[in-house]
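Ligands are counted one by one from 1 in listed order, and the atoms in each one are counted from 1 as well. What you are looking at is a predicted structure, and each value in this text was computed from that prediction instead of being measured.
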Amino acid sequence: MADQSQPGAGTLSVWAGEAKNNWWGATQVPVVHSVAYGYPDVDHWQDAALGRTPGHIYSRNTNPTVAAFTEKVRVLEGAEAATSFATGMAAISNTLFALLSPGDRVVSVKDTYGGTNKLFLQFLPRMNFAVELCATTDHAAIEAAIAQGCRVLYLESPTNPTLKVVDIARLAKAAHQVGAIVVADNTFATPINQNPLALGVDLVLHSATKFLGGHADALGGVVCGAQRLVDQAYHYREITGAALDPMAAYLLLRGMKTLHLRIRQQNASAMEIAQFLAAQPQVSQVFYPGLASHEHHDVARRQMRGFGGVLSFMLKGGFDAVRAFLPRLRYAHLAANLGAVETIAGPPATTSHVECTAEERKAMGIPEGLIRYSVGIEDTADLIADLQQAFGPNKSASTSGRLAA
Ligand SMILES: Cc1ncc(COP(=O)(O)O)c(C=O)c1O
């Protein structure tokens, strides 16, 4: 039964961060483009600057529209504090740079998002941070790497693009035993499907560009967790400057009001589509945590309330088959994005792992015949029919019946 003392995720998606304000009763949060905020005298100004009274000083630090967006995510993630960034990659890099000192060690997994992987392989080592990337679903190997000591354990679950799932609570526990800070990228799950903080993570972060905003029209990032840790990430960002733009914050805030409805629809559609794809003769494998055949379906069921709107599948004909198949889709943008109201499809070679070489993708276990399919909010039957016509006349009798249902 729902906890009546705590509003549901739908109510929070609509109302959190939308505090009644004194802007002539405007029912929507205004977009404040002002770079700076004026005060009647130095004493009031100083009180605001030192945090003794509420107020903003300069929009690289804080901004009212950005603060409303950040607050909505904070509440949905059940965090003490949150801060925002210009993009998801800014959230990830700023958080890591804020937490690490030269000589520190980071433990993570092999198939994180391509940009994160590049950060681990190119940028952190250059600054004398040691990085150990473990096989993503080998929990014993990750625990062994953690036991050797680390400052940060960095997780992503489900992963982009192979939808691998790690046992967040188990790994967080192991990390805390060596005094490490646990950071998790919750972009694919969203706070509707999974709350990593409740599983023991210290900081949860998002590319708000994806499902949070949901309309593919604004970039953004956010980090949530304990005030002490969020303050470090905030301070790094306010000085290095990757601030979220107020107009982007407004678009993300507006998008988030329908987060729960979109995710509910995308969870349901993705599940049906994953089952449909698994029955296609041209498909060799489907990756979706909601399928009983998924390697860590039991873990996903334990830590997720829904399995998300992204799946990936492998065509038997490899990259040539992918090249022929994708342009046949009528209801999918072929684009390097995910999490939007429109369905989006593409291979890792031009999307999540465009920065990586074919050899690097192979080493990360990302097959070249893979298609990442981010399910939009279109009617499920139309998406399945679209996939079916893209496969061509070679239909399997067993699935066409299910389609009509
Ligand atoms: C899981 C994940 N994390 C982070 C990012 C980076 O986000 P952004 O493009 O907003 O920098 C992405 C982008 O695709 C992603 O898929």
Side-chain angles (χ1 to χ4, degrees), residues 66 69-70 73 77 83-97 108-120 123 133 136 154-166 168 183-191 193-194 196 201 203-224 233 237 240-245 248-249 251-252 255-256 263 266 287 289 304 307-312 333-340 344-356 361 364 366 370-375:
V66 173
F69 158 72
T70 310
V73 186
E77 283 292 10
T83 192
S84 59
F85 301 84
T87 65
M89 278 316 300
I92 296 166
S93 56
N94 282 225
T95 299
L96 288 170
F97 288 132
S108 189
V109 292
K110 283 203 168 122
D111 44 345
T112 49
Y113 165 63
T116 310
N117 182 265
K118 278 282 153 192
L119 200 58
F120 286 148
F123 293 91
L133 302 184
T136 303
Y154 185 95
L155 301 174
E156 182 180 312
S157 185
T159 61
N160 183 0
T162 47
L163 284 300
K164 293 195 173 82
V165 167
V166 296
I168 296 174
V183 181
D185 183 335
N186 203 29
T187 300
F188 266 43
T190 82
N193 285 333
Q194 175 173 276
V201 158
L203 286 172
V204 57
L205 52 83
H206 288 269
S207 165
T209 316
K210 312 298 178 197
F211 288 101
L212 294 188
H215 292 72
D217 55 6
L219 293 157
V222 61
V223 169
C224 312
R237 188 267 291 156
T240 53
L244 180 61
D245 179 76
L251 292 169
L252 297 170
M256 281 191 70
I263 298 301
Q266 286 163 318
F287 302 93
M304 301 180 79
F307 302 110
V310 185
L311 54 88
S312 56
H333 285 305
L334 306 188
N337 197 14
L338 60 93
I344 305 168
T350 56
T351 58
S352 60
H353 290 71
V354 64
E355 295 96 348
C356 304
R361 283 192 293 275
M364 292 163 79
I366 299 171
L370 194 75
I371 292 176
R372 188 184 68 191
Y373 190 84
S374 171
V375 181

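- In this structure, Ser157 and Asn186 approach most closely via the heavy-atom pair O-OD1, 4.4 Å.
- Taking atom 7 (O) of ligand 1 as the reference point, the nearest protein heavy-atom neighbour is Ser207 OG, 3.0 Å.
- Of all atoms in ligand 1, listed by their number and element, those nearer than 4.0 Å to a heavy atom of Glu156 are 1 (C).
- The shortest side-chain heavy-atom distance between Phe188 and Asn193 does not fall under the 4.5 Å cut-off.
- Scanning the protein for heavy atoms near atom 14 (O) of ligand 1, the closest one is Lys210 CE, 3.0 Å.
- A donor-acceptor pair under 3.5 Å is absent between the side-chain atoms of Ser207 and the main chain of Gly221, judged by distance alone.
- The shortest heavy-atom distance from His206 to ligand 1 is not under 4.0 Å.
- Residue Ala90 places no N or O, backbone or side chain, under 3.5 Å from any N or O of ligand 1.
- Heavy-atom separations between Leu205 and ligand 1 are all 4.0 Å or longer.
- Remark: side-chain polar atoms of Arg237 are paired, donor with acceptor, to backbone N or O of Ser84 under 3.5 angstrom.
- Under 4.0 Å from ligand 1, not a single heavy atom of Thr112 appears.
- For ligand 1, the polar-atom distance check against Gly88 finds a nitrogen or oxygen pair separated by under 3.5 Å.
- In plain terms, the two heavy atoms of Leu219 and Leu252 that are nearest each other are O-CD1, 4.0 Å.
- The atoms of ligand 1 that sit less than 4.0 Å from any heavy atom of Ile92 are 4 (C).
- A donor-acceptor pair is defined here as one N or O able to donate and one able to accept, closer than 3.5 Å; such a pair exists between the side chain of Gln266 and the backbone of Ala340.
- Of the options Thr209, Thr187, Asn160, Leu212, the smallest heavy-atom separation from atom 16 (O) of ligand 1 is shown by Asn160.
- When all heavy atoms of Gly220 and Thr209 are compared, the pair lying nearest together is N-OG1, 3.1 Å.
- Nearest heavy atoms, Thr162 versus Phe287: O-CB, 3.5 Å.
- Comparing Phe85, Tyr113, Phe188 against atom 12 (C) of ligand 1, the shortest heavy-atom distance belongs to Tyr113.
- Between Asp185 and ligand 1, a contact under 3.5 Å exists for at least one N or O pair.
- For atom 11 (O) of ligand 1, the closest heavy atom belonging to the protein is Met89 N, 2.8 Å.
- The shortest distance between side-chain heavy atoms of Ile168 and Gln194 falls below 4.5 Å.
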